[in-house]
Amino acid sequence: MEGLLSIIIPSYNEGLLIDNTANVVVDIMTEHKIPYEILFVDDGSKDDTWNRIQAASKKHEHVRGVHFSRNFGKESAITAGLTYAKGDCCVVMDCDLQHPPIKIVEMYKLWQEGYEVVEAVKEDRGEESGIHRFMANTFYKIISKLTNIDMMNASDFKLLDRKVMLVLLNMKEKNSFFRALSSWVGFKTTQIPFRVAEREAGESKWSTKSLIKYAILNITSFSSAPMQIVTICGFIMLLISVVFGINSIVQYVNGTALGGFTTVILLQLFSSSIIMICLGIIGYYIAQIYDEIKGRPKFIVSEEC
Ligand code: UDP
Ligand code: MG
């Protein structure tokens with residue numbers, strides 16, 4: 001089967017890289033005679049990314065682009081890519097060539113053999129700082145446990161059959177997590193390993209703050225376990241209060257009461273902090289419900305080429 005392959009490339013402030021990425025991918029596709037289109041999704045970049053995409057689209061017949069009215073985030077850029085892609089299957093990859101494009105050939109072959117999802121799994125995490133690695137590992141451990149999907153070393157570098165693309169597009173949720181959802185849907189899946197290359201140029205768009213936000217959002221959008229943990233904390237607190245309560249009654253009976261001032265203060269602080277954490281977690285869920293219910297679009301396209 002010689003189906004059309006759409007290569008979706010979310011790009012945010014990647015002006016330095018567009019030309020090179022387009023050239024590299026075009027060369028590989030031409031060499032291996034794969035029918036393809038490249039779809040750059042400019043996620044509201046502040047540099048000259050959009051001009052570069054337009055230039056690449058003029059230069060190469062099969063390069064297209066859509067431009068967002070502002071920055072909506074990588075997840076939204078992927079959704080836009082799935083929406084605008086015309087292919088019988090698609091591959092999502094990063095603009096910085098950290099996802100080696102040569103792997104697309106292998107992924108396409110597996111698709112031709114009948115696989116509907118081909119996941120590229122990180123063999124190692126490339127050049128990352130120690131703290132980044134630690135946080136990523138913790139996040140993926142939590143999310144793998146909560147979702148029952150092995151997310152360790154998962155990436156957004158995936159091939160999806162048209163069928164799977166449509167299933168993902170028909171999901172109503174706004175806070176999607178592509179990496180997890182594309183496994184969650186099932187289908188005939190296989191994996192190939194890849195080594196994370198170094199970023200070609202520019203720098204990573206993720207700050208520590210945005211990574212923490214992203215982690216919390218994805219954990220809460222995929223599972224209600226944090227709320228259960230809150231409930232368990234509540235029960236533990238209750239138990240502690242019972243023990244302390246009995247203790248103070250005993251002290252009262254023995255006539256040694258009044259000494260427990262420190263205990264009261266400690267308990268007070270402890271319980272109010274637990275309550276605050278709980279309110280925070282509940283608030284997060286409510287914020288998410290609010291976000292979903294507003295029904296706003298995940299992205300706004302202002303230009304196409
Ligand atoms: N990206 C995006 N929107 C954003 C942030 C990033 O489309 O708000 C794109 C970015 O251009 C790149 C990919 O997502 O193609 C991965 O980003 P980056 O390389 O900064 O992340 P890292 O590799 O450090 O995880
Ligand atoms: Mg990168």
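Whatever order the structure lists ligands and atoms in, that order sets their numbers, starting from 1. Computation of the quantities below employed the complete heavy-atom set of this structure, encompassing side-chain atoms and omitting hydrogens, waters and symmetry-equivalent molecules. Everything numeric here is computed off the predicted structure, so don't read it as measured data. Residues take their numbers from the sequence shown, with the count starting at 1.
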Strictly distance-based, threshold 3.5 Å: is any side-chain N or O of Ser155 a donor or acceptor partner for the main-chain N or O of Ala120? yes

Between the main-chain N or O of Gly3 and the side-chain N or O of Tyr108, is there a donor-acceptor pair closer than 3.5 Å? yes

Keeping the roles fixed (side chain from Ser57, backbone from Val63), state whether a donor-acceptor pair exists under 3.5 Å. yes

Is it the case that the side chain of Glu75 and the backbone of Phe178 share a donor-acceptor pair, with hydrogens and angles ignored and the cut-off at 3.5 Å? yes

Numbered in order shown, the ligand 1 atoms found under 4.0 Å of a heavy atom of Cys95 are 15 (O)

Parallel under 30°, tilted from 30 to 60°, perpendicular over 60°: which one fits the rings of Trp50 and His67? parallel

Does Ile28 offer a backbone N or O that forms a donor-acceptor pair with the side chain of His32 under 3.5 Å? yes

Atoms of ligand 1 close to Asp94 [distance to a heavy atom under 4.0 angstrom, numbered from 1]: 13 (C), 15 (O), 16 (C), 23 (O)

Flag, side chain of Arg162 to backbone of Gly87, donor-acceptor distance under 3.5 Å: yes

Subset of ligand 1 atoms that lie under 4.0 Å from at least one heavy atom of Asp96: 19 (O), 23 (O)

The option among Ser155, Ala77, Pro10 carrying the non-hydrogen atom nearest to atom 9 (C) of ligand 1 is Pro10

Going by the atom numbers of ligand 1, which of them fall below 4.0 Å from some non-hydrogen atom of Gly73? 3 (N), 8 (O)

Atoms of ligand 1 close to Glu14 [distance to a heavy atom under 4.0 angstrom, numbered from 1]: 10 (C), 11 (O), 12 (C), 15 (O)

Can you classify the ring geometry of Phe299 versus Phe68 as parallel (below 30°), tilted (30 to 60°) or perpendicular (above 60°)? parallel

What protein N/O/S atoms sit under 2.8 Å from the Mg ion (ligand 2), by chain and number? Asp96 OD2, Gln98 OE1

Number the atoms of ligand 1 from 1 as they appear, then name those within less than 4.0 Å of a heavy atom of Asp43, with their elements. 2 (C), 3 (N), 4 (C), 7 (O), 8 (O)

Side chain Thr49, main chain Asp42, donor-acceptor under 3.5 Å: no

